[in-house]
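Ligands are counted one by one from 1 in listed order, and the atoms in each one are counted from 1 as well. We're numbering straight along the sequence, starting at 1. Owing to the predicted nature of the structure, the values given are computational and were not obtained by experimental measurement.
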Amino acid sequence: MDLVFSNCTVLTNDRENVVLTECDVRVNDGVITELGRSNSRNQPQRLVDARDLLIMPGLINSHTHSPENFSKGRAESMTLGPWLDQIWPALDVLEPRQIYIAALLGAAEMLHTGTISVVDHFRQTPMNLAAVHAVAEGYRDSGMRAVIAVMLRDIPQFKGQLLPSVTDQIGIVEQAHLNCDTLKCSKVRIALGPSAPTRCTEKLLISARDLALRHGLYLHTHIDETTTDAAEARKQYGKSSVQHLANLDLLTPFLSLAHGVWLNSEDFELLAAAGSTVVHNPVSNMRLGSGIAPLTALLEHGVSVALGSDGAASNDGQDMFEALKAAVLLQRVAGVEAKHWITAKEALPL
Ligand SMILES: [Zn+2]
């Protein structure tokens, strides 16, 4: 299909933040082939008068959990600990068909609100290959780009919880990665998703690191979402979660870490030097009362930052424009001096 949007405003979101006005955008079979005042004599198959419309790159949601698309609005007044206990028992044991539908539901909301790429920190307990296939097929059929970070943990959430062995969990991720071609999931990538450093033994973290290196896979984890998480790391290792990951050679540009609400300035230095990315989830952090992530300080220290919605059960939606607005405004009630406030223009590239 040859399609032209005429007379629109284009937000390029490039390094110089160039904005083009009264611009024509020609799209041929899904690829932008012309940008600017159209000199082409070729009449498009379809012409859209986009005079009052804005065209911009699609947004990226760098942290969510698709099974939660079934649980919007639940456990509304709970902090993370009780919220996890309330929300996840029912979502941990979905059938593959339900997992597929949950991924499609979230994808539909994201595409409707301008998000075209997602990192799904995908949880089922116990993790199994059929579940990973089902979520991959959901994103495949939605047309979205997706990184499915298969959630791993070998320290139980509660007494008696049965978890697959480290070898089995790593084997599921490797097999899912190898099966992506067979499933025709060309826009889907499989990644390793340790739930959080404090929920994984060193053996699991090191095994995940080694598999990532062997196949060139991304790693994604939660980090210091609550004061309890940060204190637990200090108790377990005598150091911060980030320092623990650094000691295990896990801090690389291929690692992203969701939340980071309770990081300290030493963590900032380590993350900036390693090129790892912190994913800020402002709406979820407010919903669960987890705190305000030090977004401005992270950026000032040169840490790479991305934005996420987090799962729908701690956000009640998957709209990344909401996350953008909340990220900009939340810093302003966190004691940051006005001269350091980030603007919408600065937040958009996140
Ligand atoms: Zn999360």
Backbone N/O of [Y] and side chain of [X]: donor-acceptor pair under 3.5 Å:
X	Y	answer
Asn28	Arg26	no
Asn69	Ser66	yes
Asn179	Thr182	no

Can you tell me if an N/O/S atom from [X] lies under 2.8 Å from the Zn ion (ligand 1)?
X	answer
Glu225	no
His65	yes
His259	no

Tyr100 OH: over 12 foreign heavy atoms closer than 6.0 Å: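 Enclosed: over 12 neighbouring heavy atoms sit under 6.0 Å from OH of Tyr100.
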Which N, O or S atom of Asp310 lies nearest to the Zn ion (ligand 1), by name: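 Asp310's closest N, O or S atom to the Zn ion (ligand 1) is named OD1.
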